[in-house]
Amino acid sequence: MAKPTVAIFDFACCEGCQLQIVNMEEELLDLLTIVQPVEWREAMSDRSDEYDIAIVEGSITRSEDEDRLRKIRERAKILIAIGACATTGGVNKLKNNFDLADVRRCVYGDKAGLPHLRTAPTKSAPEVVKVDYCVHGCPMNDREFSYVVRCLAMGTEPVEKNYPVCVECKMRGTICRYEYNEICLGPITRGGCNAPCPAGGGFCYGCRGYVPEPNVNAAKEVMERYGRTVEELKGRLLLFNSTQEPTNV
Amino acid sequence: MSKTLSVDVHHVTRVEGHGNIRVRARDGVVEQVQWQVPEAPRFFEAMVRGRSWEEIQIVACRICGICSFAHSLASIKAVEAAMGVEVSEQTDKLRILAYGGEQLESHVLHVGYLVAPDLLGVKSVVPLASTHPDVVKTVIRAHRLGNEWMEMLGGRRTHPVSFRVGGFGRLPSEDELRSLQDRLRKAVPDLKRIAEVLLSLADRIPAFERETEYIALVHPKEYTFYHGEIGSTDMGGELVGIQEFESVVNEYVSPQSTAKWTRWHRDSYAVGALARFKLNAAKLRPLAAQTARMFGLSPDCTNPYMNSIAQVVEAVEVVEAGIEQIDDLLTRGIRPERPRVVPRAGTGVGCVEAPRGILFHKYSFDSNGICTGANICIPTNQNHANIQKDFEALVPRILDRTEDEIRLMLEMLVRAYDPCISCSTHFLRVEFV
């Protein structure tokens, strides 16, 4: 059987998820034995319009980028979104909480009226096209990425994690960030990252999006127990879980 | 000469972000040379408004996946300056040590994965894995070390989690530091090997010189990436405080590319490894200085393609420095400490040398520590006008070559600056005809 061809494309983002692919180091060489990269602008000068698997990084912020993503979708048998910018819109959706004319003025001052400065509300890839698989996180987790690509190369179905980050803190024996009087989004955020932020001395800011069917009541109990408010939790959620419409907290 | 030429590179490959090259020549006369940037703007300065002081780094480091430590540290330093937070000597030393990891990782990635294929006449590092397996594995080892160095001190290799305003969320153990030091010592032969391979290919680096202004952080004692003041090759030894950065960068909207560009004493200036080398070479450690001599790299170099060689010199410098810094930290012993910050109103500037050049962050806060405004000036923005000026000087000199050769030399020039176009919080959208 011929190796599946893979193309990697980026939209508005920091390209840190592509860096996670490079960071697989020797394992990337192994992955290249089961798939054939045909386009990857950040790392290769080769180009191709034919590919089996399209990997898409970044948020969609302009109408021409929606068109480009639709074309990629048409050409690909399988489309994988990598990283928060693509899977949920991530930090780029913070912009959606502001009046867009004001956003342009803030950055570009008296030049803000120029037509080429237009920007649309940020969308995730699934808000524009059908996405077959998501590799969540900011940055995405390279273990999960490798798992999804290997599953697809072997013709099996990858399974997404469906438990919150708190589970992984417990397994690692990490002290709860609420003990440090910090608002942590672990109780309602999708696990699978192995909870590096609380282990590294920070709080979870929800970069992997909500866990399926988040236990909101449990989160409320945590807030009550530590004397924090649900409003504080919602405020922190804006970082990576803002929506297409402005969110009023 | 009666050459008519049309070169269009839509989205230069093997660079971070999106940039285009456009050249037109008719009957031997250059009509148009442009470096264009169509990256989708992300409006970070607008997005951080309303965020709390302890969330600024979380948002700011997402400006760039390749220099997330640079953006983290610049933003944290700015928040600390705004709130009058003094960090401990231990925090300062650990941050400087951690930051060496990003310089190594980024420089090895750039030189090994993005630049080397040009020197070997291939389109990417992928074919090199089978034609030059030993060299590729050496590059991978050095790159992996940079990453694991960052992960050990930052808690994650991209978008670090352990850097907090006021100090570290998690401190490394002394055992971890010893093991890192051991690996740094073992990395020296790998870096020598990479330098030797590059030296054997050095005749393929274009010989193109153009006088320009070079700007970098300067510190009286150290080859610095973290502390210091703003120095310039046009300023003699005179330095400008980082708080004054807006009078140095002089951002303006370019009518040609509609991106915010910068200029100080001339039409353009350059930042990055070559600028740092030119302003700080006398303070390099012995092995790094020796590496520079190997390539004949001296502070009077004005060849932008040599930026990649200056990066190799710096990769050696940060490894040498890291070994010394760990000795110093272990002698003092790692003391447990927790960052404590009381938010207050104020404005602060933070500055570091990102792998690709000097980086400025500025934030204002109200009395609750909520961000009310920001200004971020990134190195690639500062290099854009200089890339354009290089193009204008270079194209007439190479017009007798084939279109493919001209295209390659221009692409290589862009890559030499190691541009990080996603960092381009300021970039406007370009309408292409």
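Letters A, B, ... mirror the listed sequences (proteins, then strands); counts begin at 1.
Between A:C106 and B:A46 the shortest heavy-atom distance is SG-CA, 3.6 Å. Closest non-hydrogen pair, B:G65 versus A:L19, comes out as O-CD2, 3.2 Å. Looking at every heavy atom in both residues, B:R51 comes nearest to A:G235 through NH2-O, 2.9 Å. Residues B:R415 and A:S45 approach most closely at NH2-OG, 3.8 Å, considering heavy atoms. Of all non-hydrogen atoms in B:H11 and A:R47, the two that sit nearest each other are O-NH2, 2.6 Å.
Of the possible polar contacts, none joining the B:T158 side chain to the A:P139 backbone as a donor-acceptor pair under 3.5 Å is found.
Between B:E54 and A:R236 there is a salt bridge, since at least one side-chain N of the basic residue sits less than 4.0 Å from a carboxylate O of the acidic one.
Under the 4.5 Å side-chain criterion, counting only non-hydrogen atoms from C-beta, B:R338 is in contact with A:Y180. In this structure the side chain of A:F203 never reaches within 4.5 angstrom of the side chain of B:V161, judged on heavy atoms. With contacts defined as side-chain heavy-atom distances shorter than 4.5 Å, the pair B:I66/A:E15 does not qualify. Side-chain contact between B:I140 and A:M24 is absent, with no heavy-atom pair separated by less than 4.5 Å. At a threshold of 4.5 Å between non-hydrogen side-chain atoms, the residues B:Y113 and A:M44 do not count as touching.
Ranked by heavy-atom pairs under 4.5 Å with chain A, the list B:E105, B:R144, B:H159, B:R170 is led by B:R144. Of the listed residues B:G155, B:S68, B:S124, the one with more heavy-atom pairs under 4.5 angstrom with chain A than any other is B:S124. When the candidates A:L239, A:D65, A:L28, A:T122 are compared by the number of heavy-atom contacts under 4.5 Å with chain B, A:L239 comes out ahead. Heavy-atom pairs under 4.5 Å with chain A peak, among B:E151, B:E411, B:R49, at B:R49. Interface remark: of the candidates A:G16, A:P198, A:C197, A:C197 forms the most heavy-atom pairs closer than 4.5 Å to chain B.
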Verdict with reasoning, B:R141 to A:E26, per salt bridge (charged side-chain N to carboxylate O under 4.0 Å, His left out):
CA-CA 9 Å; B:R141 264 202 307 277; A:E26 292 89 346; over 6 Å; no
Would you please test A:V22 and B:H143 for side chain to side chain contact (heavy atoms under 4.5 Å, CB included) and show each step?
CA-CA 10 Å; A:V22 176; B:H143 188 246; 3.9 Å; yes
Salt bridge (charged side-chain N to carboxylate O under 4.0 Å, His left out) between B:K137 and A:E25: does it pass, once the steps are laid out?
CA-CA 9 Å; B:K137 280 181 186 153; A:E25 318 285 6; over 6 Å; no
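Rounding to the nearest 0.5 angstrom, the gap separating the CG atom in B:L109 from the CG atom in A:N23 is 8.0 Å. Between atom CZ of residue B:F44 and atom SG of residue A:C14 there is a gap of 7.5 Å, rounded to the nearest 0.5 Å.
With a 4.5 angstrom heavy-atom cutoff, B:V122 does not touch chain A via any of its atoms. In this structure, no portion of A:R105 lies under 4.5 Å from any heavy atom of chain B. Contacts between B:R156 and chain A at a heavy-atom distance below 4.5 Å involve the side chain alone, from C-beta outward. The contact between A:Q20 and chain B is made entirely by side chain atoms (from C-beta outward), counting heavy-atom distances below 4.5 Å. Contact annotation for B:R164: only side-chain heavy atoms (C-beta onward) come within less than 4.5 Å of a heavy atom of chain A.
Enclosure of atom CG in A:L32 by more than 12 non-hydrogen atoms of other residues, nucleotides or ligands within 6.0 angstrom is indicated.
Residues of residues 84-95 of chain A that come closer than 4.5 Å to chain B, counting heavy atoms only, are A:V91, A:N92, A:L94, A:K95, ordered by residue number.
For the pair A:R104 and B:F43, the cation-pi criterion (under 6.0 Å, within 45° of the ring axis) is not fulfilled.
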